[in-house]
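Along the sequence shown, residues are numbered consecutively beginning with 1.
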Amino acid sequence: MTVLKNKTLVVWSVLFLTLFAYLLFADEKLKPTTAEWMLVFQQNLESEDNASLRLLSLGNVDAIFTNALNENYRKKLDAFEFNGLLGDEKPMKYPNVLQFEAFIESPLFCDFNNRDCLARVKREADYIKIVVKEFQPELVDFMSLNEVSSFKSLNPFVAELNLSDFLFLFKLKGTEIFFDIEEGRIEKAQQDLMSLILLNRQFFSSSDNLLTKISFSLNTQNIYQPLLLRLKAKEAFPQEVYDSALRPLSMQEVSANNIQIFSFAKNARLIKAGLAAREKNSSGSLLSRLWQRVVYKQNMTLNDMFDEYQALLLPDYVNKPSLLAFSQNIDEQIREKSDEQQKQPFVYHLKNLNNFVGASLKDVIMPRQINLYHSIAKLDTRLQLLRLVLNGNANELVESMQLDSFSNYYTGERPFIVDGSICSKINDENICVVF
């Protein structure tokens, strides 16, 4: 009997050790969707009409220069083999206009919604006009992007968006439109402003880059709203001029799913680079290689990060009335995960015992998930209020506010008036437009 018990104990011990070894050393299979998302940067671009490629050659009308720049990008892209380690060569920046650096931080190119901005622009008009004229080739090329067919981002390891330059282009064109309004070129100002908004909307709705998604919200508050109200004050603003540019956001535009997939693909590449760096810096001994297998599981890390990104995706069943609740749920999930890591680090590390280096690397590479839906709801609300204000005079506006059709898309509440402004409330924050 004792011998039988000992054999049983040995069998269970072997099974337990086998299972334990498997959990420590074995990696899991890469989920099909995870693998699919990682192929984002291997997809071909529509090279003829890609906005990002055009931005690289901004202001250079010389076909030889433009072709050479695009060819340089393609050579860098073809030579870019991601075997884990990132190359030392810095990515190309777009827009590719070095002279912007002298003016990006200039107080003369301020946000129009700031109290003293427009007065300052008027005082320094002569100098600012010289700058605007100097950058006319860039502005012409920039506005021609309305004609392109693709706003897909470039491989960020080869070429990446420079947000300050990108936002400066909108501010530069907005400044030119402001002078047109002040000097009575109303029809030109209307057309240019609508084209500028539509261009920004193209980037917002069609690009898979986070920065272009953010830019429309920033520019609507800082540039478009002040200019639209200034045009209204000229009493020369027919409704059909702005209806297409200020139309409500579609759910396709609201969705940030492509942004999350693009971000995942970039971070997945960085995780693979982290593994390659660890392997390169290890001693190469058998013990070292075994230890790497214990503490780092590449597929497990990528699948774990995929699950976190997937939680941010906008499902088909979410509509505008339910978007804020969905957004709040995302915030709660992010907060719970953060609390677990900070307040219960032992539990968090225990859950990742067989991949604690991979989990730590993932958290470093993706330190904070970004929930865009609150800001998108604010943007859509501002567009709604702008249409209301631009549609008629104060009396008509007060009457319109009583109609259910003008209730806020996200809260169902009617707008209200505060100190000469019409407002809607989004999560205890007032979004207002002066009327």
Side-chain angles (χ1 to χ4, degrees), residues 113 197 200-201 203-222 224-225 245-264 307-340 366-389 397 400-419 421-435:
N113 64 322
I197 296 174
N200 205 167
R201 192 160 183 150
F203 276 105
F204 174 83
S205 60
S206 304
S207 176
D208 45 16
N209 188 292
L210 173 65
L211 302 181
T212 58
K213 201 75 169 178
I214 294 171
S215 70
F216 192 28
S217 296
L218 294 175
N219 289 334
T220 299
Q221 183 174 359
N222 297 337
Y224 309 145
Q225 179 172 314
L246 302 181
R247 66 187 183 276
L249 298 178
S250 66
M251 288 308 295
Q252 180 180 357
E253 290 176 303
V254 168
S255 172
N257 289 358
N258 287 337
I259 307 291
Q260 305 300 349
I261 295 171
F262 185 87
S263 176
F264 170 86
D307 290 338
E308 292 188 27
Y309 270 104
Q310 194 173 39
L312 300 177
L313 298 186
L314 187 70
D316 292 337
Y317 61 80
V318 173
N319 54 18
K320 289 186 178 182
S322 61
L323 184 69
L324 291 178
F326 175 75
S327 176
Q328 186 176 3
N329 183 57
I330 289 178
D331 289 336
E332 289 175 357
Q333 290 182 36
I334 294 174
R335 187 162 48 249
E336 287 174 1
K337 181 177 179 298
S338 177
D339 288 346
E340 180 189 14
M366 192 183 73
R368 181 172 178 267
Q369 293 170 312
I370 298 177
N371 176 12
L372 294 173
Y373 293 117
H374 176 72
S375 64
I376 290 175
K378 288 166 54 180
L379 166 64
D380 205 9
T381 296
R382 191 175 298 281
L383 295 177
Q384 183 184 27
L385 294 177
L386 278 168
R387 287 197 312 279
L388 271 173
V389 169
L397 184 60
S400 298
M401 288 169 53
Q402 308 309 314
L403 302 175
D404 289 338
S405 56
F406 291 107
S407 297
N408 185 273
Y409 307 131
Y410 301 92
T411 65
E413 298 176 358
R414 293 189 180 93
F416 53 92
I417 293 176
V418 177
D419 298 330
S421 298
I422 180 171
C423 305
S424 285
K425 190 181 291 291
I426 298 290
N427 287 1
D428 298 325
E429 181 179 353
N430 285 349
I431 311 299
C432 298
V433 176
V434 176
F435 65 88

Trainee: Which heavy-atom pair separates Thr381 from Tyr410 by the least distance, and what is that distance?
Mentor: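 Thr381 and Tyr410 have their closest heavy atoms at OG1-CD1, 4.0 Å.
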Trainee: Taking it one step at a time, do Phe204 and Leu249 satisfy side chain to side chain contact (heavy atoms under 4.5 Å, CB included)?
Mentor: CA-CA 10 Å; Phe204 174 83; Leu249 298 178; 3.9 Å; yes
Trainee: Between Ser375 and Leu372, is there a donor-acceptor pair closer than 3.5 Å when you use the side chain of the first and the backbone of the second?
Mentor: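 Answer holds: yes.
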Trainee: Rounded to the nearest 0.5 Å, how far does OG1 of Thr212 lie from CZ of Arg201?
Mentor: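 Atom-to-atom, Arg201:CZ and Thr212:OG1 are 14.0 Å apart.
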Trainee: For Glu332, is there any backbone N or O sitting under 3.5 Å from a side-chain donor or acceptor partner on Asn329?
Mentor: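 Side chain of Asn329 to backbone of Glu332, a donor-acceptor pair under 3.5 Å: no, none is there.
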Trainee: Closest heavy-atom contact between Ser205 and Glu253?
Mentor: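 Looking at all heavy atoms of both residues, the shortest contact is CB-CG, 3.4 Å.
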Trainee: Quick one: does Thr220's side chain get under 4.5 Å of Asn200's, heavy atoms only?
Mentor: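 Result no, sub-4.5 Å side-chain heavy-atom pair not found.
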Trainee: What distance do Phe216 atom CZ and Ile197 atom CD1 have between them, rounded to the nearest 0.5 Å?
Mentor: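 The CZ atom of Phe216 sits 7.0 Å away from the CD1 atom of Ile197.
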Trainee: Tell me whether Arg382 contacts the main-chain N or O of Gln221 through its side chain, where contact means a donor paired with an acceptor under 3.5 Å.
Mentor: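 Between the backbone of Gln221 and the side chain of Arg382 there is no qualifying donor-acceptor contact (under 3.5 Å).
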Trainee: Any side-chain heavy atom of Asn430 within less than 4.5 Å of one from Phe416?
Mentor: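 A side-chain contact exists here, since the closest heavy-atom pair is under 4.5 Å.
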Trainee: Which heavy atom of Ala311 sits nearest a heavy atom of Ile330, and at what distance?
Mentor: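 The answer is O-CG1, 4.0 Å.
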Trainee: Kindly compute the distance separating CD1 (Ile214) from CG (Asn209), expressed to the nearest 0.5 Å.
Mentor: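 With rounding to 0.5 Å, CD1 (Ile214) is 8.5 Å from CG (Asn209).
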Trainee: What salt bridge (Lys or Arg N to Asp or Glu O under 4.0 Å) pairs are there with at least one residue in residues 313-328, not counting sequence neighbours?
Mentor: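 Those involving residues 313-328 are Lys320-Asp380.
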Trainee: Compare every heavy atom of Lys213 with every heavy atom of Ile259, then report the nearest pair and how far apart it is.
Mentor: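 Closest approach of Ile259 to Lys213, heavy atoms only: CD1-CB, 4.2 Å.
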Trainee: So, does Tyr373 use its side chain to make a donor-acceptor pair with the main chain of Val254 at under 3.5 Å?
Mentor: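 Looks like no, no N/O pair under 3.5 Å.
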Trainee: Would a distance-only check, ignoring hydrogens and angles, find a side-chain to backbone donor-acceptor pair under 3.5 Å from Gln384 to Ser407?
Mentor: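 Yes; judged by distance alone, with no hydrogens or angles, the pair exists.
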Trainee: Can you tell me how far CG of Leu379 sits from CG of Leu218, rounded to the nearest 0.5 angstrom?
Mentor: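 Result: 10.0 Å between the selected atoms.
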Trainee: Under the 3.5 angstrom rule, does the side chain of Ser322 hit a backbone N or O of Val318 as a donor-acceptor pair?
Mentor: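 The answer is no, because no donor-acceptor pair under 3.5 Å joins these two groups.
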Trainee: Let me confirm one number: the CG-CD distance from Leu314 to Gln252, rounded to the nearest 0.5 Å.
Mentor: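 The distance works out to 11.5 Å.
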Trainee: So do the side chains of Ser424 and Thr411 get within less than 4.5 Å of each other, counting heavy atoms only?
Mentor: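 No, their side chains stay 4.5 Å or more apart.
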Trainee: Measure the CG-CZ distance between Leu210 and Phe262 for me, rounded to the nearest 0.5 Å.
Mentor: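 CZ of Phe262 is found 10.0 Å from CG of Leu210.
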Trainee: Looking at Asn257 and Leu312, what are the two nearest heavy atoms and their distance?
Mentor: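 Heavy-atom minimum between the residues: OD1-O, 4.5 Å.
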Trainee: Any non-hydrogen side-chain atom of Tyr409 less than 4.5 Å from a side-chain atom of Leu323?
Mentor: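 Side-chain contact under 4.5 Å: no.
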Trainee: At their closest point, which heavy atom of Leu388 faces which heavy atom of Pro415, and how far apart are they?
Mentor: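 Taking every non-hydrogen atom into account, CD1-CG, 4.2 Å.
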Trainee: Using only atom types and a distance under 3.5 Å, with no angle test, would you say the side chain of Ser255 pairs donor to acceptor with the backbone of Met251?
Mentor: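 A pair under 3.5 Å: no.
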Trainee: Is there a side-chain contact between Ile261 and Asp208 in this structure, where contact means two heavy atoms from C-beta onward sitting under 4.5 Å apart?
Mentor: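 Side-chain contact under 4.5 Å: no.
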Trainee: Salt bridge check: are Lys425 and Glu413 linked by an N-O gap of less than 4.0 Å?
Mentor: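 Salt bridge between Lys425 and Glu413, a charged N being under 4.0 Å from a carboxylate O: no.
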Trainee: Looking only at atom types and distance, does a side-chain atom of Ser263 sit under 3.5 Å from a main-chain N or O of Gln260, one as donor and one as acceptor?
Mentor: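 Judged by distance alone, no pair lies under 3.5 Å.
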Trainee: Give the C-alpha distance, both sets of side-chain angles, the deciding distance and a yes or no for side chain to side chain contact (heavy atoms under 4.5 Å, CB included) between Ile417 and Phe435.
Mentor: CA-CA 10 Å; Ile417 293 176; Phe435 65 88; 3.9 Å; yes
Trainee: Output every pair passing salt bridge (Lys or Arg N to Asp or Glu O under 4.0 Å) with a member in residues 321-331, not counting sequence neighbours, ordered by first then second residue.
Mentor: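 Matches after skipping sequence neighbours: none remain.
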